[in-house]
Amino acid sequence: MAETKGKFNFAIDRGGTFTDVFAQLPDGRERVLKLLSQDPQNYRDAPTEGIRRVLEEETGQVFPHNQPVDTSLIGWIRMGTTVATNALLEREGERTALLVTKGFKDLLHIGTQARPKLFDLEVAVPEVLYEEVIEVDERIVLTQDGCQLPRKGPKRMVTGSTGDSLEVWRELDLERVEKDLRGVLSRGITSLAVLLLHSYTWADHEKALGALARRLGFTQVSLSSEVMPMVRAVPRGYTVCADAYLTPKIRQYLKGFTSGFKGGLKDVDVLFMQSDGGLTPMEQFCGSRAILSGPAGGVVGYAVTSSSQMEKKPVIGFDMGGTSTDVSRYAGQYEHVFEATTAGVTLQAPQLDINTVAAGGGSRVFFRSGMFVVGPESAGAHPGPACYRKGGPLTVTDANLALGRLLPSFFPKIFGLGEDEPLSLEETMKHFRHLTQEINLFLSSKHSQAANGPSHSHNNVLPNSQSQMSVEEVAMGFIRVANEAMCRPIRALTQAKGHDTSHHVLACFGGAGGQHACAIARALGMKTVFIHKYSGVLSAYGLALADVVEEVQEPCSLQYERRCFSKLDLRVKQLSKQCHDTLCARGFTSSQITTEAFLHMRYEGTDCALMVTATGYPSNPQSCQAGDFQRAFTNRYLKEFGFTIPDRPIVVDDIRVRGCGKSGINVMYKSKMGRGQAKPVTVTKCYFEDGYLDTSVYLWEELPCGHNIQGPAIIIDKNSTILVEPCCEAHLTEGGDVCITVGSDPHCSLGTELNTVQLSIFSHRFMSIAEQMGRVLQRTSISTNIKERLDFSCAVFGPDGGLVSNAPHIPVHLGAMQETVQYQIRSMGNELKEGDVILSNHPCAGGSHLPDLTVITPVFRRGMSHPVFFVASRGHHADIGGITPGSMPPHSNSLQQEGAVFTSFKLVTGGIFQEEAVTEALMAPACYPECSGTRNLHDNLSDLRAQVAANQRGSQLVEELIESYGLSVVQAYMGYIQSNAELAVRDMLRDYAHRRQQLTGSLEVEAEEFMDDGTPIRLRVQINKEEGSAVFDFTGTGTEVWGNCNAPRAITLSALIYCLRCMVGQDIPLNQGCLAPIKVIIPSGSILQPSANAAVVGGNVLTSQRVVDVIFRAFEVCAASQGCMNNVTFGNEMIGYYETVAGGAGAGPGWNGRSGVHSHMTNTRITDPEILEKRYPVILEQFSLRLGSGGEGKYRGGDGVIRKLLFRNKVVLSVLTERRSTRPYGLKGGEDGAAGLNLLHRADGRVLNLGAKTSISLQPGDKFCLYTPGGGGYEREEEANGKPQTKRMRLNETFPERGSVFEYRMAQEGV
């Protein structure tokens, strides 16, 4: 690095609202500066202006605004910027075209096929980043041992970088592509992304296209094989598109930035922060690595400063800003993820694991159906909170102001329309008084109902509630709810990886975090809060502390075993040298450079890969020379998942080397120790749990180091306000940082009467219990279905078996487990003892289909003979026996053919796992003709133990909650939460009844739908407007069928809860309260309540969708979606594969249906094309939209998809589908969507229609072509003036969550 001694060095974080500047002066002093990122009246570029001001003020020389800045005094400049993030959020990147392998033009539109929000009927998905797509007629395929496809002429064989052998099936036609590219250029598009299948391992075709495009004049060409050479075409495609879309914008910004300096900064070392927490030279800074450029500086800042001062304790970073809060973890190493979603775009690139949640200072506060709600909506910078004097709504900031925790006199006068007024306490209090009045009106109405006794008993949904709340109690309530919302992702982030949250230090930074830090630390059991003296500008300071990073990565297909060690070592050595040479070329000496090797490792046959470093695991004779990666992998696997798989080979998917050039400044500036006592500048009144307390106010810059400050107190600096709560003590370290010791909360007794604030907090607590159960289940399970596909649900139930909380929301599990628990209470009653655990899957006992095994644990309390709560987990087991592998036969006609059956089976008795008995039961289906017992006993037993462990964790957490509050209080709030859901459903039904009566004069609706075999599903709904209740009567529905489309009662209830939640249109607790206003009549012996031995596997995956169709048709909510899950299974004695395939979503009032997406009762992600072809004997020839299959109308239905599978070996193919003879209905004059079609193209040229449900043997060369149904249209087309487009998602207004916690939730909602 160039010598910078005696010069000014700058680290600058350019955020969306503010730009923070940290300057290291020639004499060793440090300065910080904060200015608006956009202020066109005063300067063109905020970072340049920050540098200019510091130089001018410190040197006394004049640096004119309108002239380039002299750089002779500047040593280095480091920057983090949100330019790329904002361009992605606002979709303001460069016009881009995509080149993709023929047959896959819609691959990135379909993506994983999962919808982002489970209950939003308008499937709002961010647009793809490219404007045009060109299909390239080329194809390479991986060779497979034992492939039996007949060869059609000689094929060119090539070897990929992974060592895999490939065949070139279709050579690249550059002449044809050149013609297409010239057309793109003529339309003004100069940025190009290239994605060809399997280019991660063999990139020659992509490189040829790249060379052609550059020769033709494209100014930006991004190749997926260069941007991120990792297997999986969809995330690699998103990443290369983001690179092509964003990099020109970054270049444009850099050109503008450098033009503000003499010589264009060519003699200054300019570095930019990447998403992985490392700096890179300005000319290397690219779009796909820039998304977290801003937040990454903050992570480096707290990691370096707090871990050095906190005796190497693990640290949680807590960065609370205006619209959101970033949460991350550091324990001696940065925690990276290699695939994450930002603004709807999944990027495959190393990124710090920064989890963003929708709770910031600007998060809006609401009172909905008796519950306090914070976010996710935000007031934004304009108009901002109510106190900004611009007509904004109430927010968390307003709540802090109302409680006296923010002091307007210490804020600059930059508010109001003229931006010259102070924060307005009056405006905040006016809004809060209005909201408090609304809340008290609600409470008093419920209170009077409880006192006088309602005319309809079930109207009394929130009894015994408090009668009045003060403005301060309301504001305090929102603060507590916001805090609990921020605690949940912190718990998830730590406990997901086996760490104890309470053993961490909370490192707080960002403008708003200091007001909440003590309360959050206390809620999480943390004892220490650390706030650095530069906490208000820590992202900028972190840039000064960061190192320059050079990363290289390449794919691999080797097993981690002795015979491959030499190859692995050679490749690690080559990549390390590449990193070292690059850093040397940037001016680093060898002594400043360190390299670290990582292997991306997984057990064979699993998808759960870990990026592993051998740091701390030195090499030995049984390992690579680069280190003992196997021990590092198995130790981390054990830590995160609770077990290892000793006899399973370990596969290396990627080799990565991270080189660091040490260049960060030393954290050495010390403040002088003060002699006098800390003196408050004033004393104010601040509101806490005990009411208003005298609170001393201190200026941070005037505090002497080494002194302690007892809470309550407020510490203020230019950029942040720190609240030291009662029972907490702040200490100023010798470096001038604030370290707060958090005391325990004095016991606050809570009665059984309803407190609406506690209602929200208990709702979070119960959900948190279910979520933590899920984390234990995922960690300790072994099967792909549960561990990786996350096909499970965990839930908490009351003593009556009523559902309290369910996490997360797999639609087909909603409410179904409640039926199972209540069945066990009825059938076993007093037989249930402490230490017992029940296993059940029978449809008559609340089961959905047999592979979904439910494990139920009663929670007992000392001295009580009956359970006080129940916890349960339901997981999908890949095989439990029956007539076909996978236990999902398309042609079963009795329950016994579908696998092992459990009604009320004691899995654990007196604390002892009944392995012998459950093994016998799992093997029992072999007694039936053509049936087998379970084909995977080991995984069944391991997953059942994991479910027991998850329940045990849930039981412990329920007991801890009871210890904290008392049984009567916990059970009371359980009831209140259920009542809250009931209230929301009653309000929706009353509102619908009012509109319906005005329109038609009737309070009755009905609908009828037909299954493909002609079986009717009939529904008649009678609504009671006064009560807000309804009777759902399915009388007239067809009889049980000879086949497996029979749906147990629990399936209908799940579909009903799903529909009610969609119609309510806002977040509500999904529990038994949802069904309290509903009476459901289902005729016994019908397809919706079949006999005990009826086959049901199709009912779970097909009939459930048709029940949703009939409910939405009755209420005229929207047109029908595809009404099917398109279940496709194939396998032989060696392999087995199962997928469900997307179709078209129905249109509705104001929106077009989404094309190529899953709808309603499923949300399964589909296997990536490259993974599919790598692991299974199949070639995916086409996966695209089925254009024109959506129903026409004012609002068009979404199109289905076309999926063509060419088989390389003999397999048995099974299809289980619906909507092959009936079409998804249009509504209000909109046309029906197209029916689906299942075709088989035999290798001999014959084409067969397979029908909706079949199982057939296939030969090599046979091709299955699946055409999925489209969605129905909405309203007549002639009523439209021009075709409406699906509403564009304004991502800068819609809050984009991100991070591993968010990805986990999305993955689980995608099953």
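Position 1 is the first residue of the sequence, and the numbers go up from there. Please read these numbers as outputs of a predicted model, since none were measured by experiment.
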* Verify, without hydrogens or angle tests, whether Arg405 (side chain) and Tyr687 (backbone) share a donor-acceptor contact under 3.5 angstrom. => yes
* For the side chain of Arg52 and the backbone of Phe63, is there at least one donor-acceptor N/O pair under 3.5 Å apart? -> yes
* Asked: Checking Trp76 side chain against Ala544 main chain: does a donor-acceptor pair fall under 3.5 Å?
  -> no
* To do: State, yes or no, whether a side-chain contact exists between Phe272 and Leu279 at a heavy-atom distance under 4.5 Å.
  => no
* Asked: Just by distance, do the side chain of Thr71 and the backbone of Ile74 share a donor-acceptor pair under 3.5 Å?
  -> no
* Asked: When the ring planes of Tyr334 and His336 are compared, do they come out parallel, tilted or perpendicular, using 30° and 60° as the limits?
  -> perpendicular
* Asked: What's the spacing between His532 NE2 and Phe509 CZ if we round to 0.5 Å?
  -> 12.0 Å
* Structure fact -> Closest heavy-atom pair, Glu725 versus Cys518, reported as atoms and distance to 0.1 Å, is CG-CB, 3.7 Å
* Verify side-chain contact (heavy atoms from CB on, under 4.5 Å) between Phe257 and Arg14, making sure each step is shown before the conclusion. => CA-CA 12 Å; Phe257 173 62; Arg14 184 188 185 278; over 6 Å; no
* Euclidean distance, Phe318 CZ relative to Ile520 CD1, rounded to 0.5 Å -> 3.5 Å
* To do: Evaluate the side-chain proximity of Ile531 to Ile715: yes if any heavy-atom separation is below 4.5 Å, no if none is.
  => no
* Side chain to side chain, Ser363 and Thr395, heavy atoms closer than 4.5 Å -> no
* Structure fact -> Between Ala402 and Leu425, the two heavy atoms sitting closest are CA-CD1, 4.3 Å
* To do: Report the C-alpha distance between Val529 and Ile722 in whole Å, list the side-chain angles of each, state the deciding distance to 0.1 Å, and finish with yes or no for side-chain contact (heavy atoms from CB on, under 4.5 Å).
  => CA-CA 11 Å; Val529 173; Ile722 300 167; over 6 Å; no
* Check whether any side-chain heavy atom of Asp737 lies under 4.5 Å from a side-chain heavy atom of Thr305, and answer yes or no. => no
* To do: Could you grab the distance from atom OG1 of Thr82 to atom CD1 of Ile291, nearest 0.5 Å is fine?
  => 10.5 Å
* Asked: Within the side chain of Arg78, is there an N or O that forms a donor-acceptor pair under 3.5 Å with the backbone of Leu543?
  -> yes
* Is there a donor-acceptor pair closer than 3.5 Å between any side-chain N or O of Ser275 and the backbone N or O of Leu292? -> yes
* Flag the pair Glu484 and Arg491 as a salt bridge only when some basic side-chain nitrogen lies within less than 4.0 angstrom of an acidic carboxylate oxygen. => yes
* Could you check if a side-chain atom of Lys533 sits within less than 4.5 angstrom of a side-chain atom of Tyr541, using non-hydrogen atoms only? => no
* Asked: Run the side-chain contact (heavy atoms from CB on, under 4.5 Å) check on Ile479 and Val396 step by step: do they pass?
  -> CA-CA 7 Å; Ile479 294 293; Val396 172; 4.1 Å; yes
* Ion pair Glu56/Arg53, N-O distance below 4.0 Å -> no
* Structure fact -> Nearest heavy-atom contact between Thr397 and Cys387 is CG2-SG, 4.1 Å
* Asked: With distance as the sole criterion, is a donor-acceptor pair present between the side chains of Glu30 and Gln24 under 3.5 Å?
  -> no
* Single hit among Leu35, Asp13, Ile51, Val32 for side-chain contact (heavy atoms from CB on, under 4.5 Å) with Val21 -> Leu35
* Structure fact -> Quick note, side-chain hydrogen bond (donor to acceptor under 3.5 Å, both in side chains) partners involving residues 509-521, not counting sequence neighbours, are Asn400-Gln515, Asn400-His516, Asn483-His516
* To do: State whether the side chain of Asp398 and the backbone N or O of Thr428 hold a donor-acceptor pair below 3.5 Å, judged by distance alone.
  => no
* Give the intermediate values and the outcome of side-chain contact (heavy atoms from CB on, under 4.5 Å) for residues Phe410 and Val681. => CA-CA 11 Å; Phe410 289 90; Val681 291; 3.9 Å; yes
* **Minimum heavy-atom distance between Ala507 and Ser306, given as atom pair plus value** => CB-OG, 4.1 Å
* Thinking salt bridges, do Lys662 and Asp547 make one under a 4.0 Å N-O criterion? -> yes
* Asked: Is there side-chain contact between Met526 and Val742, with heavy atoms separated by less than 4.5 Å?
  -> no
* Would you mind reporting whether Tyr388 and Leu423 have side-chain heavy atoms less than 4.5 Å apart? => yes
* To do: Report the distance from atom CG of Asn42 to atom NE2 of His65, rounding to the nearest 0.5 Å.
  => 7.5 Å
* Asked: Aromatic rings Tyr330 and Tyr302: how do their planes relate, parallel, tilted or perpendicular, breaks at 30° and 60°?
  -> perpendicular
* Asked: Atom CD in Glu472, atom OG1 in Thr436: separation rounded to 0.5 Å?
  -> 8.5 Å
* How about Ser37 and Thr19: do any of their side-chain heavy atoms sit closer than 4.5 Å? -> yes
* Side-chain donor or acceptor of Arg389 paired with backbone N/O of Leu417 under 3.5 Å -> no
* OG1 of Thr721 to CD1 of Ile716: how many Å apart, nearest 0.5 Å? -> 5.0 Å
* Arg329 bridged to Glu335 by N-O distance under 4.0 Å -> yes
* To do: Taking all heavy atoms of Leu693 and all of Pro726, pick out the closest pair and write down the distance.
  => CD1-CG, 3.8 Å
* To do: Provide the closest heavy-atom pair for Met273 versus Ser293 in the form atom of the first, atom of the second, distance.
  => O-OG, 2.8 Å
